[in-house]
Amino acid sequence: MMSQMPQLAACPSCEWPLESGDRFCGACGYDLSAVPPPPRDTPTLTMNGTASPPPSEAASVDWPSAPAGGQGTPPPVHLPDDIPGTDSGDAEPPSPSSSSLPSSSSMPSSSSMPSSSSMPSSSSPLSSVPAPPSGPAPDEPTGPDGPDGPDEPDHYPLAAPQPVDPRTADLATPPAGTKTCVACRAGRVDRDGYCENCGHAQPRERDHMEQELDAVAAVSDRGLRHHRNEDAFAVSATALPDGSPAVIAIVCDGVSSATRPDDASLAAAHTANETLLASLPRGAHPQQAMHDAIVAAAEAVNLLAGEPRTAQQQAPHQNAPACTLVGAVVTPTLLVVGWVGDSRVYWIPADRGAPPARLTEDDSWAAQMVAAGLMSEAEAYADDRAHAITGWLGADAYELEPHTASFKPDRPGVVVVCTDGLWNYAETAGEMARAVPLDAARRPLHTAQVLVGHALDGGGHDNVTVAVLPFPAPPQGAGSA
């Protein structure tokens, strides 16, 4: 059981730091349950019931040299892994059978031993206890040099397999269609996602994703509390009819209370991205193209409700697949955003000479209360119903109302497109600006990584996805400095 496992600070195989409750090493996959538990720490008492002397008295004992051996004298103790040599009496090590004796550190001190008059006689029941065998230990094979000469046992017990050290092992390429364990680098991963060699659970592909293009980057992480990542993103770049660049970022957040939220977010992100890549080069206005992309994404999510896979997973009171969507298109002169749900877009000026701004309004209960003048923003977002969304993509959505807006910033900056897994920890535009590095326009991937780290440091209660786009969009192929 877990409570009976020894609590180790580091892996016995590779010294990787461990956390409480770990069953396998996260670096090499070592089976921690195979580590023998430490000996029980119990006080040593004398036979007459008095306590052993304090450590200060015991430490002052002048220990004599171990006798050379003789009648009635226990042989000196040698452990199997002792450094070769002689014992404290300059005697050669005895046969391997002595390794089964307790170490000297576990024997009571001379001051706590009973006198000879208090020792049981040979007629006492203790004398009926059989003596330890004099032959070799069960796990030590006999051979020409053993105490039994050339006699050999019927079988040789096999040692437990040791995990492969990924730092030194010569790792072969796995066969086509199979995966190698990320922990032990030796076992094959079964269909359930566990290593057949060390039992280590394998990370799923969507637990952490990163992508970087010349002028946009995105990072998505499962977070610290969710069992899977239900967010998805798509980033791309294309050219407008006049040859100027257009950079695209789409971020979707699956609705956890719905069936297959991870499939819904993935379908919406990919469909919206492909729709924008098809319409922008043909000359569609970016704001109209964003509207059409949201409509196409909604249709893709609606189709999931009719698939047999959804019917197999759907309980009587469960919702159809659903997600939110937020996107941005950046050109050399124009910034266009579109959304349905409570994912957001923030504008952060590069020089911080102008105030940052939030460019979207949530489709949520809290936003409705604030818009109706019934509650202040602080009161609304402190309510337990604050994050209940009023707009989403899915077959059971009330009515699809895509929101779009276009802006013409007067200075360079960065656009942050994110799910509530991030903005829950940087809600206002000022808080988001403080979390964004000053060199964000030159290092979008680094900025996305920093923002995801900000959410994880804050608690990581939800999936976290963020895309970062510098404005204005640089010429194609220019890259980031």
Side-chain angles (χ1 to χ4, degrees), residues 209 211-213 215-220 230-238 240 245-255 264-281 284-301 322-331 334-348 357-363 389 391-394 397 400-407 409 413-423 432 444 448 451 463-473:
M209 301 178 292
Q211 186 176 355
E212 181 181 30
L213 302 179
V216 60
V219 177
S220 181
E230 297 170 354
D231 289 356
F233 69 81
V235 294
S236 60
T238 186
L240 301 178
V247 183
I248 302 166
I250 302 293
V251 170
C252 296
D253 184 355
V255 178
S265 62
L266 188 64
H270 285 182
T271 301
N273 182 65
E274 293 299 325
T275 302
L276 287 168
L277 287 176
S279 58
L280 289 174
H285 189 279
Q287 190 169 353
Q288 182 63 45
M290 177 64 74
H291 180 278
D292 296 342
I294 296 175
V295 172
E299 294 174 353
V301 177
C323 69
T324 67
L325 182 149
V326 65
V329 175
V330 172
T331 73
L334 191 66
L335 165 59
V336 172
V337 299
W339 73 97
V340 173
D342 61 348
S343 294
R344 295 180 175 179
V345 178
Y346 291 85
W347 162 253
I348 314 296
R358 194 180 82 190
L359 306 183
T360 59
E361 291 292 336
D362 299 343
D363 287 324
I389 58 176
W392 63 89
L393 307 183
L400 178 62
E401 295 183 5
H403 311 290
T404 61
S406 61
F407 305 88
V414 292
V415 181
V416 177
V417 185
C418 64
T419 62
D420 60 346
L422 170 61
W423 66 253
M432 184 65 71
L451 292 175
N463 305 145
V464 189
T465 302
V466 55
V468 177
L469 306 88
F471 177 90

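The first residue of the sequence shown is numbered 1, and numbering continues consecutively from there. These figures come from a predicted structure and were not determined experimentally.
In this structure, the side chains of V417 and L469 come closer than 4.5 Å at one or more pairs of heavy atoms. When side chains are defined from C-beta on, V416 does not count as touching V345, because their heavy atoms never get closer than 4.5 Å. Looking only at side-chain heavy atoms (C-beta outward), V464 and D231 stay at 4.5 Å or farther from each other. Looking at Y346 and L359, their side chains never come closer than 4.5 Å, going by heavy atoms from C-beta outward. Between H291 and V336 the shortest side-chain heavy-atom distance does not fall below 4.5 Å.
Interatomic distance, CG of L422 versus CG of N463, reported as 12.5 Å (0.5 Å rounding). Between E230 atom CD and T419 atom OG1 the span is 11.5 Å, to the nearest 0.5 Å. To the nearest 0.5 Å, atom OG of residue S265 and atom NE2 of residue H270 are 9.0 Å apart. Taken to the nearest 0.5 Å, the OG1 atom of T324 stands 11.5 Å off from the CH2 atom of W392. Interatomic distance, M290 CE to I250 CD1, rounded to the nearest 0.5 Å: 4.5 Å.
For D363 (side chain) and G341 (main-chain N/O), a donor-acceptor pair under 3.5 Å exists by modelled atom type. At least one donor-acceptor pair closer than 3.5 Å links the side chain of W339 to the backbone N or O of E361. A donor-acceptor pair under 3.5 Å is absent between the side-chain atoms of S343 and the main chain of V326, judged by distance alone.
Looking at every heavy atom in both residues, T465 comes nearest to A232 through CG2-O, 4.4 Å. Residues V216 and S236 come closest through the heavy atom pair CG1-O, 4.4 Å.
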Exercise. Before giving the answer on side chain to side chain contact (heavy atoms under 4.5 Å, CB included), spell out for I248 and L277 the whole-Å C-alpha distance, their side-chain angles and the decisive distance to 0.1 Å.
Key: CA-CA 8 Å; I248 302 166; L277 287 176; 3.8 Å; yes

Self-check item: Stepwise side chain to side chain contact (heavy atoms under 4.5 Å, CB included) check, T275 with N273
Solution: CA-CA 5 Å; T275 302; N273 182 65; over 6 Å; no

Quiz item: Given the rule in the side chain to side chain contact (heavy atoms under 4.5 Å, CB included) test, do W423 and D362 qualify, once you have shown the distances and angles that lead to the verdict?
Solution: CA-CA 12 Å; W423 66 253; D362 299 343; 3.8 Å; yes

Quiz prompt | Residues I294, V340; criterion side chain to side chain contact (heavy atoms under 4.5 Å, CB included); working and verdict | solution = CA-CA 8 Å; I294 296 175; V340 173; 3.8 Å; yes

